[in-house]
Amino acid sequence: MATRLVQIAMNARDDSAIGRFWAEVLGWGLASEGPGVTNIEPVGLVYPDPVAVYVDVLRVPEPKTVKNRVHIDLATTSAAHQAELVARLKVLGATPADVGQGDVPWTVLADPEGNEFCVLEPRSIYRDTGPIAAVVVDCADPRAMARFWGEAMDWTLHEVTDDHAVLRSAKGVGPYLEFLRTPDAKTVKNRIHLDLCPYPGDDQAAETARLRALGATDIDLGQGDVAWTVLADPEGNEFCVLTPR
């Protein structure tokens, strides 16, 4: 049994507006599975596909209050591409963001609701990821997170140190999942979380039980009676286990 990362879910007060922004950023299409949910999907792929981590924007009433512990890094192919992308994103409504990054070669921006993201300088490791280079999670202990997530999913662990851990789909395609050591403690529900999906034919309940045995805990976010299971990893980051696909 195994799961894999298939999408991230992003909270927003206006899911339609934030969905349009991110669709323009990524060059992807828009769909909706119902009121309050905007789906951002790469054109020409059939969900789920390891080539991409999809994005769902979910409407919530509460505003953003603290720096997100999960963010997206965007890939670029040259210095000119980075500069052009930053300029285009500002026209779309992105604004510069200061998260204490100092003098770095990447650019930190925020979407129209304040969700931070990075436009990276060209890096060879991200040359084949697509527009999303990585999904980055702040954490206190990258080694412990690598142990949990490395067993939770069938993704391959590429690197782990005291400061960061890097995983990628076992198929060697799509964006990376990275855990970055930060001094900040988690204080509120994450506005961006990971969605995992078991493979066709696997049992969702059995997979959820396996994740609990690895250290995940059940969490109630007011989700009610839904088809997915909401858990938290050992550092309290919420994630969902979807029905097998």
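- Side-chain atoms of R4 come within 3.5 Å of backbone N or O of C197 as a donor-acceptor pair.
- The two atoms that bring P122 and A79 nearest to each other are CG-N, 3.6 Å, heavy atoms only.
- Side-chain contact check for Y54 versus D49: some heavy-atom pair is nearer than 4.5 Å.
- Each of L26, V25, I8 was evaluated against I132; a single residue qualifies, L26, per the side-chain contact (heavy atoms from CB on, under 4.5 Å) test.
- When every heavy atom of L194 is checked against every heavy atom of W149, the shortest pair comes out as CD1-CH2, 3.8 Å.
- Considering CZ of R13 and CZ of R59, their distance stands at 12.0 Å, rounded to 0.5 Å.
- For W28 against P131, the heavy-atom pair with the smallest separation is NE1-CG, 3.8 Å.
- Looking at heavy atoms from C-beta onward, D184 lies in side-chain contact with R69 at the 4.5 angstrom threshold.
- For the pair G93 and P112, the tightest heavy-atom approach, listed with the atom from each and the gap, is O-CG, 3.9 Å.
- By the criterion of side-chain heavy atoms lying less than 4.5 angstrom apart, applied directly or through intervening Ile, Leu, Val, Met, Phe, Trp or Tyr residues, V53 is grouped together with L157 in one hydrophobic cluster.
- Here the side chains of K189 and N11 are in contact, with some heavy-atom distance below 4.5 Å.
- With S169 contributing its side chain and V51 its backbone, the two residues share no donor-acceptor pair below 3.5 Å.
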Test side chain to side chain contact (heavy atoms under 4.5 Å, CB included) on H193 and V70 and set out the steps. CA-CA 7 Å; H193 70 257; V70 183; over 6 Å; no

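- In terms of hydrophobic clustering, with Ile, Leu, Val, Met, Phe, Trp and Tyr side chains grouped at heavy-atom distances under 4.5 Å, V226 and I219 are assigned to a common cluster.
- Contact between C118 and V108 at its shortest, heavy atoms only, is SG-CG2, 4.0 Å.
- Note: I40 CD1 to S32 OG = 11.0 Å, rounded to the nearest 0.5 Å.
- Y126 and V135 fall into different hydrophobic clusters, defined by Ile, Leu, Val, Met, Phe, Trp and Tyr side-chain heavy atoms under 4.5 Å apart, directly or through other members.
- F21 and I72 fall within the same hydrophobic cluster, defined by Ile, Leu, Val, Met, Phe, Trp and Tyr side-chain heavy atoms under 4.5 Å apart, directly or through other members.
- Remark: T76 OG1 to E121 CD distance equals 7.0 Å, nearest 0.5 Å.
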Which side-chain N or O atoms in residues 238-245 pair as donor and acceptor under 3.5 Å with protein atoms at least two apart or in another chain?
residue: E238; atom: OE1; partner: N190; partner atom: N; Å: 3.1
residue: E238; atom: OE2; partner: K186; partner atom: NZ; Å: 2.9

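- Between H164 and the options R181, R143, E178, E159, a side chain to side chain donor-acceptor pair (under 3.5 Å) holds for only E159.
- Each of I192, N115, D15 was compared with V57 under the side-chain contact (heavy atoms from CB on, under 4.5 Å) criterion, and only D15 meets it.
- The distance from atom CG of D138 to atom CG of L180, rounded to the nearest 0.5 Å, is 6.0 Å.
- No donor-acceptor pair closer than 3.5 Å links the side chain of Q223 to the backbone N or O of W228.
- D154 and Y199 are linked by a side-chain donor-acceptor pair at a separation below 3.5 angstrom, with hydrogens and angles left out of the test.
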Take N39 and Q7, measure what side chain to side chain contact (heavy atoms under 4.5 Å, CB included) needs, and give me the verdict at the end. CA-CA 10 Å; N39 313 110; Q7 65 192 30; over 6 Å; no

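- Taking hydrophobic clusters as Ile, Leu, Val, Met, Phe, Trp and Tyr residues chained together by side-chain heavy-atom distances below 4.5 Å, V6 shares a cluster with V173.
- Annotation: the span from L30 atom CG to E24 atom CD amounts to 8.5 Å, rounded to 0.5 Å.
- The backbone N or O of L92 sits nowhere less than 3.5 Å from a side-chain atom of K90 that would complete a donor-acceptor pair.
- Proximity of a side-chain donor or acceptor of E235 to a complementary backbone N or O of D141 within less than 3.5 Å is detected.
- The existence of a salt bridge linking R168 and D128 is confirmed by a sub-4.0 Å separation between a basic side-chain nitrogen and an acidic carboxylate oxygen.
- Partners of H158 by ring pair (Phe, Tyr, Trp, His ring centres under 6.0 Å), not counting sequence neighbours, listed by chain and number: Y176.
- Taking both residues in full, the closest heavy atoms of T161 and P142 are given as O-CB, 3.8 Å, listed atom of the first, atom of the second, then distance.
- Using a distance-only test at 3.5 Å, with no hydrogens or angles considered, a donor-acceptor pair links the side chain of Q82 to the main chain of V119.
- To the nearest 0.5 Å, atom CD of residue E33 and atom OG1 of residue T38 are 9.5 Å apart.
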Give the intermediate values and the outcome of side chain to side chain contact (heavy atoms under 4.5 Å, CB included) for residues L211 and T229. CA-CA 11 Å; L211 295 171; T229 301; over 6 Å; no

Evaluate the criterion side chain to side chain contact (heavy atoms under 4.5 Å, CB included) for residue pair D233 and V137; output intermediate values, then yes/no. CA-CA 12 Å; D233 73 12; V137 183; 5.5 Å; no

